[in-house]
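Data first, discussion second: the structure below is written as structure tokens.
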Amino acid sequence: MKKRNFLICGLTGWCMEILFTSAGSLFKKDRRLIGQTSVWMFPIYGMAACIGPVYQKIKKVPTLFRGMIYSVGIFSFEYISGSFLKKYHLCPWDYSDAKTNIDGVIRLDYAPFWMAAGLLFERILVQSGGERRA
């Protein structure tokens with residue numbers, strides 16, 4: 001995994017999270033659109049750089065299925081990293097109140113968002129020259 005790709009993915013993830021959480025404030029009727037993230041999230045999102053080498057192996061697989069593969073990978077890493085951070089009371093998210101949560105660290109209803117995020121990371125990595133296109 002290239003350092004450059006790790007930095008690109010970390011920064012992209014931070015930006016996505018800020019936009020996502022600020023959009024969530026609309027549901028609370030908070031027009032200030034305050035978004036937030038945590039420093040802990042940078043290395044977690046940075047690990048999306050692993051999508052580049054995975055893409056090289058699955059680039060001929062249809063987009064929908066690649067998105068599903070990325071979603072499973074993201075869920076797995078979110079579960080592992082969230083469980084680790086939760087053990088030390090450092091986890092910046094808590095999905096315990098969500099109906100589809102698993103141990104409060106992942107939400108299965110977020111699968112479409114993680115599919116889209118994985119495909120976005122794929123596109124960014126391919127276009128930044130980090131990975132070759134098919």
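Small disclaimer: the values here were computed from a predicted structure and weren't measured.
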If I take atom [atom1] from residue [X] and atom [atom2] from residue [Y], how far apart are they, to the nearest 0.5 angstrom?
X: Tyr70; Y: Ile51; atom1: OH; atom2: CD1; value: 6.0 Å
X: Phe77; Y: Tyr45; atom1: CZ; atom2: OH; value: 12.0 Å
X: Ser81; Y: Ile74; atom1: OG; atom2: CD1; value: 11.0 Å
X: Lys3; Y: Ile8; atom1: NZ; atom2: CD1; value: 14.0 Å
X: Arg123; Y: Tyr55; atom1: CZ; atom2: OH; value: 7.0 Å
X: Ile80; Y: Leu85; atom1: CD1; atom2: CG; value: 12.0 Å

Looking only at heavy atoms, which two atoms of [X] and [Y] are closest? And how far apart?
X: Leu7; Y: Phe42; result: CD2-CZ, 3.8 Å
X: Lys59; Y: Arg66; result: O-NH1, 3.7 Å
X: Gly46; Y: Cys9; result: O-CB, 3.8 Å
X: Trp40; Y: Pro92; result: CB-CG, 4.4 Å

* **Where at least one partner belongs to residues 20-29, residue pairs that pass side chain to side chain donor-acceptor pair (under 3.5 Å), sequence neighbours excluded** => none

* Asked: Can the ring centroids of Tyr88 and Phe84 be said to lie less than 6.0 angstrom from one another?
  -> yes

Establish whether [X] and [Y] are linked, either directly or via other cluster members, by ILVMFWY side-chain heavy-atom contacts under 4.5 Å.
X: Val72; Y: Met47; answer: no
X: Met68; Y: Ile58; answer: yes
X: Phe20; Y: Met16; answer: yes
X: Val39; Y: Ile34; answer: no
X: Leu120; Y: Leu19; answer: no

Within the side chain of [X], is there an N or O that forms a donor-acceptor pair under 3.5 Å with the backbone of [Y]?
X: Asn101; Y: Ala98; answer: yes
X: Ser71; Y: Gly67; answer: no
X: Lys87; Y: Gly82; answer: no
X: Asp30; Y: Arg32; answer: yes
X: Ser128; Y: Leu125; answer: yes

I'd like to check [X] versus [Y] (side-chain heavy atoms, cut-off strictly below 4.5 Å). Are they in contact?
X: Lys86; Y: Ser83; result: no
X: Ile102; Y: Phe75; result: no
X: Phe121; Y: Val126; result: no

* To do: State which residues pass ring pair (Phe, Tyr, Trp, His ring centres under 6.0 Å) with Phe27; sequence neighbours excluded, sorted by chain then number.
  => none

Side-chain polar contacts of residues 108-116 - donor-acceptor pairs under 3.5 angstrom, sequence neighbours left out - could you list them?
residue : atom : partner : partner atom : Å
Asp109  : OD1  : Thr100  : OG1          : 2.6
Asp109  : OD1  : Arg107  : NE           : 3.0
Asp109  : OD2  : Arg107  : NH2          : 2.6
Tyr110  : OH   : Arg107  : NH1          : 3.3
Trp114  : NE1  : Glu78   : OE1          : 3.4

